[in-house]
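Report on one structure; see the data block that follows.
In listed order, ligands and their atoms are each counted from 1.
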Amino acid sequence: MKKIIVIGAGGQIGSELVPFLRNIYGSANVVAADLDIKKCARLGEDGPLEELNALDKNRFIEVVRKYKSDTIFNMVALLSATGEKNPELAWDINIGALTNSLNIGRDNGCAVFTPSSIGAFGVDTPKDHTPQDTLQRANTTIYGVCKVTGELLSDYYFHRFGMDTRSVRFPGLISYVTLPGGGTTDYAVDIYYEAVRKGAFTCNIKAGTYMDMMYMPDALNAVVKLMEADPAKLVHRNSFNIASMSFEPEQIAAEIRKHLPDFKMAYDVDPVKQAIADSWPNSMDDSCARMEWGWIPAYNLETMTTDMLAKVKEKLNND
Ligand code: AKB
(Lines give C-alpha, C1' and ligand atoms only; values in the text may rest on other atoms or scores of the structure.)
Protein backbone atom coordinates (compact mmCIF):
# COMPACT_ATOMS: atom_id res chain seq x y z
CA MET A 1 0.00 0.00 0.00
CA LYS A 2 1.34 3.44 -0.91
CA LYS A 3 2.03 5.95 1.86
CA ILE A 4 1.24 9.32 0.38
CA ILE A 5 1.68 12.96 1.29
CA VAL A 6 -0.19 15.63 -0.68
CA ILE A 7 1.32 19.09 -0.27
CA GLY A 8 -0.88 22.05 -1.19
CA ALA A 9 -3.81 19.86 -0.11
CA GLY A 10 -6.18 22.80 0.35
CA GLY A 11 -6.00 23.99 -3.25
CA GLN A 12 -8.33 23.31 -6.19
CA ILE A 13 -6.80 19.94 -7.07
CA GLY A 14 -5.48 18.90 -3.64
CA SER A 15 -8.83 19.29 -1.89
CA GLU A 16 -10.34 16.65 -4.20
CA LEU A 17 -7.23 14.55 -4.69
CA VAL A 18 -6.91 13.78 -0.96
CA PRO A 19 -10.39 12.18 -0.56
CA PHE A 20 -9.96 10.41 -3.92
CA LEU A 21 -6.63 8.89 -2.81
CA ARG A 22 -7.99 8.04 0.66
CA ASN A 23 -10.77 6.01 -0.97
CA ILE A 24 -8.21 3.98 -2.86
CA TYR A 25 -5.30 3.66 -0.42
CA GLY A 26 -7.02 4.11 2.95
CA SER A 27 -7.40 7.31 4.96
CA ALA A 28 -4.48 6.67 7.29
CA ASN A 29 -2.13 6.30 4.31
CA VAL A 30 -2.81 9.72 2.79
CA VAL A 31 -1.49 12.78 4.65
CA ALA A 32 -2.95 16.14 3.69
CA ALA A 33 -0.48 19.00 4.20
CA ASP A 34 -1.06 22.69 3.65
CA LEU A 35 0.20 26.08 4.77
CA ASP A 36 -3.29 27.00 5.94
CA ILE A 37 -4.92 24.04 7.67
CA LYS A 38 -7.95 26.05 8.79
CA LYS A 39 -8.92 26.40 5.12
CA CYS A 40 -8.95 22.62 4.70
CA ALA A 41 -9.89 21.48 8.22
CA ARG A 42 -12.38 19.02 6.73
CA LEU A 43 -9.45 16.98 5.39
CA GLY A 44 -8.46 16.35 9.00
CA GLU A 45 -11.78 14.72 9.84
CA ASP A 46 -11.00 11.33 8.31
CA GLY A 47 -7.22 11.26 8.02
CA PRO A 48 -3.95 12.96 8.94
CA LEU A 49 -3.69 16.72 8.32
CA GLU A 50 -0.41 18.60 8.87
CA GLU A 51 0.45 22.27 8.76
CA LEU A 52 3.31 22.60 6.28
CA ASN A 53 4.93 25.43 4.38
CA ALA A 54 6.44 23.51 1.46
CA LEU A 55 9.34 25.98 1.40
CA ASP A 56 10.34 24.99 4.95
CA LYS A 57 12.67 22.11 4.15
CA ASN A 58 13.20 20.88 7.73
CA ARG A 59 9.49 20.75 8.51
CA PHE A 60 8.83 19.04 5.14
CA ILE A 61 11.45 16.36 6.00
CA GLU A 62 9.95 15.96 9.48
CA VAL A 63 6.45 15.26 8.11
CA VAL A 64 7.69 12.88 5.39
CA ARG A 65 9.67 10.89 7.99
CA LYS A 66 6.87 10.95 10.59
CA TYR A 67 4.48 9.22 8.18
CA LYS A 68 7.18 7.17 6.33
CA SER A 69 5.80 8.61 3.08
CA ASP A 70 6.87 6.91 -0.15
CA THR A 71 5.02 9.18 -2.60
CA ILE A 72 4.82 12.99 -2.72
CA PHE A 73 2.06 14.74 -4.67
CA ASN A 74 3.29 18.31 -5.03
CA MET A 75 0.19 20.43 -5.68
CA VAL A 76 1.70 23.76 -4.57
CA ALA A 77 1.60 26.51 -7.22
CA LEU A 78 0.59 30.07 -7.95
CA LEU A 79 -1.44 30.00 -11.17
CA SER A 80 -0.78 31.83 -14.43
CA ALA A 81 -2.56 35.17 -14.00
CA THR A 82 -1.56 35.55 -10.33
CA GLY A 83 2.00 34.71 -11.29
CA GLU A 84 2.15 37.66 -13.69
CA LYS A 85 1.27 40.03 -10.82
CA ASN A 86 4.37 38.95 -8.88
CA PRO A 87 6.75 36.83 -10.98
CA GLU A 88 9.45 36.68 -8.32
CA LEU A 89 7.04 35.31 -5.72
CA ALA A 90 5.63 32.82 -8.25
CA TRP A 91 9.14 31.55 -8.99
CA ASP A 92 10.03 31.28 -5.30
CA ILE A 93 6.88 29.33 -4.42
CA ASN A 94 6.53 27.14 -7.50
CA ILE A 95 10.21 26.26 -7.80
CA GLY A 96 10.80 26.13 -4.03
CA ALA A 97 8.05 23.52 -3.58
CA LEU A 98 9.36 21.62 -6.61
CA THR A 99 13.02 21.45 -5.54
CA ASN A 100 12.12 20.57 -1.96
CA SER A 101 9.81 17.79 -3.20
CA LEU A 102 12.51 16.42 -5.48
CA ASN A 103 15.38 16.63 -2.99
CA ILE A 104 13.37 15.34 -0.03
CA GLY A 105 11.82 12.69 -2.28
CA ARG A 106 15.25 11.54 -3.48
CA ASP A 107 16.73 11.43 0.04
CA ASN A 108 13.74 9.53 1.48
CA GLY A 109 12.99 7.09 -1.33
CA CYS A 110 9.75 8.77 -2.51
CA ALA A 111 8.15 8.90 -5.95
CA VAL A 112 7.18 12.47 -6.88
CA PHE A 113 4.24 13.76 -8.93
CA THR A 114 4.31 17.47 -9.84
CA PRO A 115 1.63 18.56 -12.31
CA SER A 116 2.56 20.45 -15.44
CA SER A 117 0.01 22.33 -17.54
CA ILE A 118 -1.00 23.61 -20.97
CA GLY A 119 0.93 26.62 -19.60
CA ALA A 120 4.16 24.75 -20.37
CA PHE A 121 3.60 25.71 -24.02
CA GLY A 122 4.28 29.09 -25.60
CA VAL A 123 3.80 31.18 -28.70
CA ASP A 124 6.18 29.03 -30.78
CA THR A 125 4.28 25.79 -30.01
CA PRO A 126 2.04 24.31 -32.75
CA LYS A 127 -1.47 25.28 -31.63
CA ASP A 128 -3.57 22.45 -33.03
CA HIS A 129 -3.03 18.82 -31.97
CA THR A 130 -0.03 20.08 -30.01
CA PRO A 131 2.40 17.14 -30.03
CA GLN A 132 3.80 15.48 -26.91
CA ASP A 133 7.35 16.53 -27.81
CA THR A 134 7.49 19.98 -29.37
CA LEU A 135 8.79 23.55 -29.06
CA GLN A 136 8.44 25.05 -25.57
CA ARG A 137 10.96 27.87 -25.89
CA ALA A 138 8.82 30.99 -26.32
CA ASN A 139 6.97 30.88 -23.01
CA THR A 140 5.49 34.23 -22.01
CA THR A 141 4.46 33.55 -18.38
CA ILE A 142 6.47 32.90 -15.23
CA TYR A 143 3.96 30.12 -14.50
CA GLY A 144 4.90 28.47 -17.80
CA VAL A 145 8.62 28.97 -17.20
CA CYS A 146 8.18 27.22 -13.82
CA LYS A 147 6.22 24.38 -15.48
CA VAL A 148 8.91 23.82 -18.13
CA THR A 149 11.54 23.90 -15.38
CA GLY A 150 9.50 21.36 -13.42
CA GLU A 151 9.32 19.03 -16.42
CA LEU A 152 13.06 19.27 -17.11
CA LEU A 153 14.13 18.96 -13.49
CA SER A 154 11.80 16.01 -12.82
CA ASP A 155 13.21 14.18 -15.85
CA TYR A 156 16.74 15.07 -14.69
CA TYR A 157 16.09 13.51 -11.25
CA PHE A 158 14.75 10.39 -12.97
CA HIS A 159 17.82 10.01 -15.20
CA ARG A 160 20.45 11.20 -12.71
CA PHE A 161 19.16 9.65 -9.46
CA GLY A 162 16.79 6.94 -10.69
CA MET A 163 13.86 8.63 -8.95
CA ASP A 164 10.32 7.72 -9.93
CA THR A 165 9.09 11.12 -11.15
CA ARG A 166 5.90 11.33 -13.26
CA SER A 167 3.61 14.12 -14.41
CA VAL A 168 0.78 15.22 -16.68
CA ARG A 169 0.13 18.52 -18.46
CA PHE A 170 -3.28 19.47 -17.07
CA PRO A 171 -5.74 21.44 -19.17
CA GLY A 172 -7.89 24.06 -17.37
CA LEU A 173 -9.59 22.07 -14.60
CA ILE A 174 -13.29 22.45 -13.93
CA SER A 175 -14.81 21.45 -10.59
CA TYR A 176 -17.50 22.43 -8.11
CA VAL A 177 -15.69 21.63 -4.87
CA THR A 178 -12.94 24.27 -4.51
CA LEU A 179 -12.71 27.35 -6.70
CA PRO A 180 -9.49 27.87 -8.62
CA GLY A 181 -7.77 31.20 -8.01
CA GLY A 182 -5.79 33.33 -10.41
CA GLY A 183 -5.85 31.03 -13.44
CA THR A 184 -6.49 31.97 -17.07
CA THR A 185 -8.98 29.15 -17.49
CA ASP A 186 -11.02 30.10 -14.38
CA TYR A 187 -13.80 31.57 -16.53
CA ALA A 188 -14.89 28.02 -17.38
CA VAL A 189 -15.64 27.40 -13.68
CA ASP A 190 -17.09 30.84 -12.88
CA ILE A 191 -19.55 30.61 -15.78
CA TYR A 192 -21.42 27.72 -14.12
CA TYR A 193 -21.75 29.54 -10.77
CA GLU A 194 -22.96 32.74 -12.43
CA ALA A 195 -25.34 30.83 -14.71
CA VAL A 196 -26.99 29.27 -11.64
CA ARG A 197 -26.88 32.43 -9.47
CA LYS A 198 -27.78 35.12 -11.99
CA GLY A 199 -28.54 33.52 -15.35
CA ALA A 200 -25.85 35.76 -16.84
CA PHE A 201 -22.05 35.87 -17.09
CA THR A 202 -19.42 38.36 -18.23
CA CYS A 203 -16.56 36.46 -19.81
CA ASN A 204 -12.99 37.76 -19.52
CA ILE A 205 -11.73 35.64 -22.43
CA LYS A 206 -12.57 36.55 -26.06
CA ALA A 207 -15.07 34.57 -28.13
CA GLY A 208 -13.23 32.16 -30.41
CA THR A 209 -10.41 31.43 -27.93
CA TYR A 210 -9.99 27.66 -27.75
CA MET A 211 -8.26 26.02 -24.79
CA ASP A 212 -8.09 22.44 -23.51
CA MET A 213 -10.29 21.87 -20.45
CA MET A 214 -11.00 18.84 -18.26
CA TYR A 215 -13.54 17.85 -15.62
CA MET A 216 -11.94 17.13 -12.23
CA PRO A 217 -12.99 13.43 -12.01
CA ASP A 218 -10.99 12.75 -15.18
CA ALA A 219 -8.01 14.69 -13.84
CA LEU A 220 -8.01 12.66 -10.59
CA ASN A 221 -8.27 9.39 -12.49
CA ALA A 222 -5.36 10.44 -14.70
CA VAL A 223 -3.10 11.10 -11.72
CA VAL A 224 -3.74 7.69 -10.14
CA LYS A 225 -3.59 5.81 -13.44
CA LEU A 226 -0.24 7.36 -14.32
CA MET A 227 1.25 6.77 -10.85
CA GLU A 228 0.09 3.13 -10.98
CA ALA A 229 1.36 2.57 -14.55
CA ASP A 230 3.99 -0.06 -15.27
CA PRO A 231 7.27 1.91 -15.42
CA ALA A 232 8.58 -0.38 -18.15
CA LYS A 233 5.87 0.94 -20.48
CA LEU A 234 6.67 4.64 -19.92
CA VAL A 235 8.65 6.14 -22.78
CA HIS A 236 7.90 9.63 -21.45
CA ARG A 237 7.61 10.77 -17.84
CA ASN A 238 7.54 14.53 -17.38
CA SER A 239 5.06 15.43 -18.62
CA PHE A 240 2.27 13.73 -20.58
CA ASN A 241 -0.26 15.70 -22.63
CA ILE A 242 -3.74 14.65 -21.48
CA ALA A 243 -6.88 15.96 -23.14
CA SER A 244 -10.63 15.45 -23.04
CA MET A 245 -12.30 18.55 -24.50
CA SER A 246 -11.37 21.84 -26.11
CA PHE A 247 -13.90 24.67 -26.43
CA GLU A 248 -14.26 28.42 -26.78
CA PRO A 249 -16.57 30.58 -24.61
CA GLU A 250 -19.53 30.50 -27.06
CA GLN A 251 -19.58 26.70 -26.97
CA ILE A 252 -19.76 26.40 -23.18
CA ALA A 253 -22.46 29.12 -23.15
CA ALA A 254 -24.47 27.19 -25.79
CA GLU A 255 -24.18 24.01 -23.73
CA ILE A 256 -25.43 25.85 -20.61
CA ARG A 257 -28.38 27.24 -22.63
CA LYS A 258 -29.56 23.64 -23.22
CA HIS A 259 -30.32 23.59 -19.46
CA LEU A 260 -30.97 27.32 -18.83
CA PRO A 261 -32.41 28.69 -22.10
CA ASP A 262 -32.38 32.34 -20.89
CA PHE A 263 -28.69 32.33 -19.99
CA LYS A 264 -26.90 35.43 -21.33
CA MET A 265 -23.21 36.04 -21.87
CA ALA A 266 -21.37 39.34 -22.40
CA TYR A 267 -17.64 40.02 -22.74
CA ASP A 268 -15.19 42.23 -20.83
CA VAL A 269 -11.84 40.87 -21.93
CA ASP A 270 -8.93 40.88 -19.48
CA PRO A 271 -5.88 41.72 -21.65
CA VAL A 272 -3.41 39.87 -19.41
CA LYS A 273 -5.47 36.66 -19.36
CA GLN A 274 -6.24 36.96 -23.08
CA ALA A 275 -2.53 37.23 -23.97
CA ILE A 276 -1.84 34.15 -21.86
CA ALA A 277 -4.72 32.21 -23.45
CA ASP A 278 -3.50 33.21 -26.92
CA SER A 279 -0.07 31.74 -26.15
CA TRP A 280 -1.51 28.33 -25.17
CA PRO A 281 -2.57 25.44 -27.42
CA ASN A 282 -6.04 25.18 -28.96
CA SER A 283 -5.99 21.43 -28.34
CA MET A 284 -3.33 18.92 -27.37
CA ASP A 285 -2.55 15.53 -28.89
CA ASP A 286 -2.60 13.05 -26.00
CA SER A 287 -1.86 9.87 -27.97
CA CYS A 288 1.33 9.10 -25.98
CA ALA A 289 -0.62 9.05 -22.69
CA ARG A 290 -3.23 6.81 -24.31
CA MET A 291 -0.59 4.41 -25.63
CA GLU A 292 1.87 4.34 -22.73
CA TRP A 293 -0.50 4.08 -19.76
CA GLY A 294 -4.01 3.73 -21.14
CA TRP A 295 -5.31 7.28 -20.53
CA ILE A 296 -8.95 7.65 -21.50
CA PRO A 297 -11.27 10.45 -20.33
CA ALA A 298 -14.90 9.85 -19.34
CA TYR A 299 -16.38 13.36 -19.70
CA ASN A 300 -17.01 15.70 -22.62
CA LEU A 301 -18.49 19.22 -22.61
CA GLU A 302 -22.06 17.91 -22.67
CA THR A 303 -21.77 15.40 -19.79
CA MET A 304 -19.62 17.75 -17.72
CA THR A 305 -22.13 20.59 -18.08
CA THR A 306 -25.05 18.42 -16.97
CA ASP A 307 -23.12 17.32 -13.89
CA MET A 308 -21.62 20.75 -13.06
CA LEU A 309 -24.98 22.54 -13.21
CA ALA A 310 -26.63 19.94 -10.97
CA LYS A 311 -23.77 19.98 -8.45
CA VAL A 312 -23.42 23.79 -8.38
CA LYS A 313 -27.21 24.15 -7.87
CA GLU A 314 -27.10 21.68 -4.97
CA LYS A 315 -24.07 23.42 -3.44
CA LEU A 316 -25.58 26.91 -3.67
CA ASN A 317 -28.90 25.67 -2.24
CA ASN A 318 -27.05 24.24 0.77
CA ASP A 319 -25.01 27.43 1.39
C1 AKB B 1 -4.28 28.39 -15.23
O2 AKB B 1 -5.18 28.86 -15.95
O3 AKB B 1 -3.31 29.05 -14.82
C4 AKB B 1 -4.36 26.93 -14.87
C5 AKB B 1 -3.65 26.07 -15.87
C6 AKB B 1 -4.24 25.86 -17.20
O7 AKB B 1 -2.61 25.56 -15.60
N8 AKB B 1 -5.72 26.53 -14.75
Without hydrogens or angle criteria, can the side chains of Ser154 and Ser167 be said to hold a donor-acceptor pair below 3.5 Å? no
Numbered atoms of ligand 1 (with element) below 4.0 Å of [X], judged on heavy atoms:
X: Ser117; answer: 5 (C), 6 (C), 7 (O)
X: Trp280; answer: 1 (C), 2 (O), 3 (O), 6 (C)
X: Ile118; answer: 6 (C)
X: Leu79; answer: 3 (O)
X: Thr184; answer: 1 (C), 2 (O), 3 (O)
X: Ser80; answer: 1 (C), 2 (O), 3 (O)

salt_bridge([X], [Y]) N-O dist < 4.0 Å:
X: Asp70; Y: Lys68; value: no
X: Asp286; Y: Arg169; value: no
X: Glu62; Y: Arg59; value: yes
X: Glu314; Y: Lys311; value: no

Counting non-hydrogen protein atoms only, what is the nearest one to atom 8 (N) of ligand 1? Give residue, atom name and distance.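 Atom 8 (N) of ligand 1 sits closest to the protein heavy atom Thr185 OG1, 2.9 Å.
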Is a side-chain donor or acceptor of Thr71 paired with a backbone partner of Cys110 at a separation under 3.5 angstrom?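 Answer holds: no.
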